[in-house]
Q: 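Before anything else, here's the structure in question.
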Amino acid sequence: MKILILHGPNLNLLGTREPEIYGAMTLDDINNKMIELGKELGAEIKCLQSNHEGALIDALQDARTWADGVVFNPGGYTHTSVALRDAISAIVIPVIEVHLSNVYAREEFRHTSLVSAVCKGKVTGFGWRSYDLGLRGLVDIIKV
Ligand code: DQA
């Protein structure tokens with residue numbers, strides 16, 4: 001089983017970016033944890049981050065050719081991007097939306113997600129554990 005862990009804009013700054021909201025872990029810390037968890041669950045993990053909407057769309061389209069599913073934190077594009085939503089619904093493989101923070105406990109503009117309706121599931125508010133829970137759920141869904 002092969003899984004893409006995809007991170008959107010500004011998530012490369014984790015560790016120093018508003019740690020009171022996003023936690024102290026760096027993106028590398030999270031990626032390493034996901035690679036280790038993947039070994040435990042029998043999944044090969046590839047991690048990718050981009051600050052660019054088009055690069056994220058390319059990564060999703062490419063995942064269709066090699067991955068069984070995607071754990072995706074679209075960052076700020078969650079709330080704005082019709083194009084990412086269209087890419088998710090086009091690729092058919094399951095995508096799990098994850099957020100470090102609880103978006104519903106924050107500003108109102110974060111309460112709207114353009115991608116949720118085309119994702120298989122969503123995890124929000126557990127810090128880095130949102131990725132952990134998302135990956136576990138995704139692997140389980142693929143196995144059934
Ligand atoms: C985020 C939440 C988004 O609203 C925000 O724009 C991010 C990070 C999260 O992981 O909590 O960049 O996706």
Side-chain angles (χ1 to χ4, degrees), residues 1-41 43-64 66-142:
M1 188 190 303
K2 293 192 171 86
I3 305 290
L4 173 65
I5 310 277
L6 186 60
H7 312 274
N10 300 307
L11 295 165
N12 54 313
L13 300 180
L14 285 180
T16 56
R17 176 192 182 198
E18 301 177 275
E20 65 289 356
I21 297 174
Y22 298 115
M25 276 224 209
T26 66
L27 194 63
D28 278 349
D29 293 337
I30 293 176
N31 287 340
N32 288 332
K33 275 198 173 286
M34 292 308 104
I35 290 164
E36 284 312 305
L37 179 60
K39 284 180 193 158
E40 204 181 290
L41 301 175
E44 199 180 303
I45 305 295
K46 183 176 161 186
C47 302
L48 213 143
Q49 187 274 334
S50 178
N51 291 323
H52 305 279
E53 192 176 19
L56 294 166
I57 292 166
D58 288 344
L60 287 166
Q61 290 186 9
D62 186 51
R64 185 184 44 157
W66 65 268
D68 299 293
V70 183
V71 174
F72 186 24
N73 184 348
Y77 287 137
T78 306
H79 320 296
T80 63
S81 180
V82 173
L84 276 174
R85 178 200 175 105
D86 288 348
I88 293 167
S89 68
I91 63 171
V92 181
I93 59 171
V95 177
I96 308 293
E97 176 186 356
V98 300
H99 301 282
L100 296 145
S101 63
N102 177 357
V103 288
Y104 299 105
R106 301 183 63 196
E107 301 95 324
E108 200 154 336
F109 67 84
R110 294 185 205 276
H111 300 182
T112 301
S113 167
L114 297 191
V115 303
S116 294
V118 290
C119 286
K120 193 81 185 168
K122 170 170 178 161
V123 186
T124 185
F126 292 89
W128 67 268
R129 291 173 196 80
S130 293
Y131 288 89
D132 181 291
L133 295 165
L135 180 57
R136 286 177 194 276
L138 177 62
V139 168
D140 251 33
I141 282 170
I142 292 167

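Both ligands and their constituent atoms are indexed starting at 1 by order of listing.
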Q: Within less than 4.0 angstrom of ligand 1, does Tyr77 place any heavy atom?
A: no
Q: Which option wins on minimum heavy-atom distance to atom 3 (C) of ligand 1: His7, His79, Glu107?
A: His79
Q: If only atom types and distance count, is the side chain of Gln49 paired as donor or acceptor with the main-chain N or O of Gly8 below 3.5 Å?
A: yes
Q: Taking Arg106's backbone N and O only, do any of them form a donor-acceptor pair with His111's side chain (distance below 3.5 Å, no angle check)?
A: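 Judged by distance alone, yes, a pair lies under 3.5 Å.
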Q: Students should be able to answer this: which protein heavy-atom is nearest to atom 11 (O) of ligand 1, and at what distance?
A: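 Sorting protein heavy atoms by distance from atom 11 (O) of ligand 1 puts Ser101 OG, 2.6 Å first.
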Q: Using atom types as modelled and distance alone, determine if a side-chain donor or acceptor of Thr124 lies under 3.5 Å from a backbone N or O of Ser101.
A: yes
Q: With distance as the sole test, does Asp68 use its side chain to make a donor-acceptor pair with the main-chain N or O of Ile93 at under 3.5 Å?
A: no
Q: Atom 5 (C) of ligand 1: which protein heavy atom is closest, and how many Å away?
A: Arg110 NH1, 3.3 Å
Q: Whether the side chain of Thr78 engages the backbone of Ser113 through a donor-acceptor N/O pair (distance < 3.5 Å, no angle test) should be reported.
A: no
Q: Show me which atoms of ligand 1 lie under 4.0 Å from any heavy atom of Arg17.
A: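 So the answer, numbered in order with elements, is 7 (C), 12 (O).
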Q: Check the angle between the aromatic planes of Phe109 and His79 and answer parallel, tilted or perpendicular using the 30° and 60° thresholds.
A: perpendicular
Q: Tell me which one of Val123, Ile96, Asn73 satisfies side-chain contact (heavy atoms from CB on, under 4.5 Å) with Tyr131.
A: Asn73
Q: Using a 4.0 Å heavy-atom threshold (strictly under), name the region of Asn73 that reaches ligand 1: side chain, backbone, both or neither.
A: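 Side chain only.
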Q: For atom 9 (C) of ligand 1, find the nearest protein heavy atom and state the residue, atom name and distance (0.1 Å precision).
A: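 Among all protein heavy atoms, the one nearest atom 9 (C) of ligand 1 is Leu100 N, 3.4 Å.
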Q: For ligand 1, find out whether one of its N or O atoms is nearer than 3.5 Å to an N or O atom of Gly76.
A: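 There is such a contact, yes.
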Q: Counting non-hydrogen protein atoms only, what is the nearest one to atom 1 (C) of ligand 1? Give residue, atom name and distance.
A: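 So the nearest neighbour among protein heavy atoms is His99 ND1, 3.7 Å.
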